[in-house]
There are 2 protein chains.
Amino acid sequence: MATIKDVAERAGVSVSTVSIALKRDPRVKESTRQRILEAVQSLGYRPNGIARDLKMQQTQTMAVFLHDLGGPFYSELVSGVQDVALSHGYSPIVACSVGGKGVALERLLVENRVDGAIILDPYIEEDFIRQVAGPTLPLVLLDRDIEGSYVYRVTSDHEGGAFNVTMHLLEMGHRQIAFIGGPSVSVDGQLRFRGFTGAMKHFGVDLEKRFMILGDFTEQSGYAAAQTLLSQSPLPEAIFAGNDEMAIGVLRAFSERSIRVPEDIALVGFDDIRLTQHTTPALTTVHQPMYELGTVATQILFRALAGEETIAPVILETRVVIRASSGSRQ
Amino acid sequence: MATIKDVAERAGVSVSTVSIALKRDPRVKESTRQRILEAVQSLGYRPNGIARDLKMQQTQTMAVFLHDLGGPFYSELVSGVQDVALSHGYSPIVACSVGGKGVALERLLVENRVDGAIILDPYIEEDFIRQVAGPTLPLVLLDRDIEGSYVYRVTSDHEGGAFNVTMHLLEMGHRQIAFIGGPSVSVDGQLRFRGFTGAMKHFGVDLEKRFMILGDFTEQSGYAAAQTLLSQSPLPEAIFAGNDEMAIGVLRAFSERSIRVPEDIALVGFDDIRLTQHTTPALTTVHQPMYELGTVATQILFRALAGEETIAPVILETRVVIRASSGSRQ
DNA sequence: GTGAAAGCGCTAACAG
DNA sequence: CTGTTAGCGCTTTCAC
């Protein structure tokens with residue numbers, strides 16, 4: 001692999017001349033620049049980014065850590081990140097935070113291979129996050145409730161969204177409403193539950209314990225939760241699944257048993273993943289602005305990188321999307 | 001940020017001692033190692049990975065480039081990659097290859113910030129790939145047909161899968177079969193088309209030109225293709241959508257017009273994305289072994305990294321998955 | 001057992 | 001306009 005030194009020799013100039021010539025600095029005159037460019041060509045020279053990063057003490061790279069790359073709405077999040085990052089001349093890279101903390105997390109965050117990161121993963125330990133965050137490594141957390149210096153937060157209004165969609169069910173006349181929750185570590189799951197209970201209380205409806213089921217945000221767990229519900233009668237009048245994937249699992253369980261949604265039972269989800277438009281019936285859910293979440297988080301990251309130390313947490317609005325599954329006339 | 005030098009001073013030893021002590025080299029005696037560890041603690045020292053990469057001339061990092069991070073089966077691919085990479089002590093990072101070649105591609109591949117990469121993106125130019133590939137940067141291409149040194153290939157048997165699923169439709173008695181293709185640049189799309197025409201010819205059935213529609217692998221384009229088909233009568237007896245997302249678009253168009261699948265028209269897709277089990281009706285499709293694709297590609301990458309220069313292209317088997325949409329009794 | 005020194009490839013003053 | 005020099009933080013012979 002040819003280095004800048006090789007280019008310099010070949011072109012008969014010094015290393016520094018090559019360095020500045022390559023960034024079109026007007027200090028080197030056109031003729032030498034040409035010679036240098038030729039040398040670059042003939043040697044197939046490619047600058048070594050690592051050496052550059054070391055010298056510059058920054059990488060122009062930021063990471064996005066996702067617990068599970070397959071999440072159905074992550075791509076939107078990432079495109080929000082990407083759009084903002086690119087406009088700042090940064091490259092976002094995505095890494096999966098599972099697989100043993102010993103890996104990407106370690107390499108990229110602990111060993112400073114990126115300038116900053118956005119993290120969406122309920123499982124990464126709080127201590128770890130607070131430890132690695134620092135002036136040279138701001139961290140923007142999504143859906144986490146961790147305070148710390150150089151740790152910033154962005155989230156959607158899970159509680160409000162859950163409140164509103166529950167109100168929708170209540171207004172449709174349902175009272176016996178089951179809730180299928182997410183894993184207990186997930187702050188967003190908790191907030192959704194809080195929104196749910198808030199609306200129930202607001203309407204003066206008591207919660208029934210047997211209707212509160214814990215899932216883990218997977219389609220399978222939604223399916224299992226539906227089985228549980230089916231094993232005990234009577235069925236509730238409506239189900240609020242903590243996210244759309246679980247709602248889809250519920251739908252599958254019901255279709256196997258020929259239980260009609262929404263005629264026999266109403267169903268709502270959360271997230272508004274693309275799929276929800278294509279299920280039968282289409283799913284009433286709560287829309288999370290994933291793209292915007294990405295852009296906002298990234299903007300915060302750059303503000304932090306620019307030296308702003310304290311940035312207030314941001315909460316983005318959610319919106320109830322009414323479709324057929326909740327039994328609305330529309 | 002504390003450096004190894006700070007640690008050395010604090011512990012009253014030399015830099016090199018710290019360096020070797022930190023990798024538990026038995027040459028340094030336990031007592032000094034303890035002193036060093038304390039210094040590390042109190043200074044909050046974290047090794048600088050970039051300096052290390054520069055010195056070592058390798059990063060222990062590999063990239064996976066995806067055209068669109070949101071692809072519904074990429075997560076499986078990536079987990080295949082991850083499992084193998086981790087077992088080799090490598091960290092995979094995922095980057096989106098769009099957003100102007102000027103970005104992640106440039107940073108990571110051209111400027112040598114990774115040791116190798118796996119690429120699944122029909123749009124990255126052939127010349128670029130051949131240029132950046134080299135002994136220090138082997139590239140494994142998925143679903144591409146590019147030859148070059150240090151360029152390796154893995155693909156699924158698109159043609160065979162398409163042939164088989166078309167045979168399935170033909171055996172179900174359908175003759176008027178429409179095909180909705182992918183973008184012309186995509187080799188996998190072409191191979192699927194070839195499998196389709198192969199089966200038709202094998203059965204002695206003529207292709208009807210108006211039934212050959214070009215899509216771009218998105219749900220929307222499937223929807224649009226269905227509209228096109230609907231605008232001209234008679235309808236075909238069956239549709240082979242080049243991938244599942246387009247098949248889902250077709251389904252949506254049909255459900256809007258109350259056209260029943262499979263009673264009025266049979267439908268099959270390709271890929272076997274998770275969603276296909278949950279559509280109504282469930283979709284007959286061709287399963288691609290995405291996880292395996294990831295593991296195999298990564299294994300090849302490591303063989304290349306280990307010095308093997310020529311590795312034959314690998315073609316993984318696909319499998320027809322029969323569900324309700326093709327009108328099978330099952 | 002530990003330290004001194006060289007160097008990975010690049011950039012950025014500072015001279016000339 | 002171009003070259004010399006120092007140094008980013010780390011690893012690794014090679015001496016002692």
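Labels below follow one simple rule: chain letters A, B, ... track the order of the sequence lines, proteins then strands, and each chain is numbered from 1. The analysis underlying the following values was restricted to heavy atoms, covering all of them including side chains, and did not include hydrogens, waters or symmetry mates.
The backbone N or O of G294(B) sits less than 3.5 Å from a side-chain atom of T298(B), completing a donor-acceptor pair.
Between the CG atom of D53(B) and the P atom of dC10(D) there is a distance of 12 Å, rounded to whole Å. Rounded to an integer number of Å, the gap from I36(A) CD1 to dC1(D) P is 13 Å. Atom CD of Q58(B) and atom C1' of dT11(D) are 13 Å apart (whole Å).
For residues 112-121 of chain A, the side-chain hydrogen bond (donor to acceptor under 3.5 Å, both in side chains) pairs, not counting sequence neighbours, are T59(A)-D115(A), H67(A)-D121(A), Y90(A)-D115(A), S97(A)-D121(A), E111(A)-R113(A), R113(A)-D53(B).
Between S184(B) atom OG and Q190(B) atom CD the span is 7.5 Å, to the nearest 0.5 Å. Here the CG-OG distance, from L105(B) to S91(A), works out to 9.5 Å after rounding to the nearest 0.5 Å. For the atom pair Y150(A) OH and L305(A) CG, the distance stands at 12.0 Å (nearest 0.5 Å).
At a threshold of 4.5 Å between non-hydrogen side-chain atoms, the residues R130(A) and E126(A) count as touching.
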Reading nucleotides 7-16 of chain C from 5' to 3' and marking B where a protein heavy atom lies under 4.0 Å of the base, S where only the sugar-phosphate is that close, and - otherwise, the string is BBBBBB----

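Taken together, the paired segments of DNA chain C that extend over three or more consecutive Watson-Crick or G-U pairs, each closer than 3.5 Å at both contacts, are C:1-16 with D:1-16.
For the residue pair E30(B) and Q34(B), a side-chain donor N or O sits within less than 3.5 Å of a side-chain acceptor on the partner. In this model, a donor atom of one side chain and an acceptor atom of the other lie less than 3.5 Å apart for T17(A) and S14(A).
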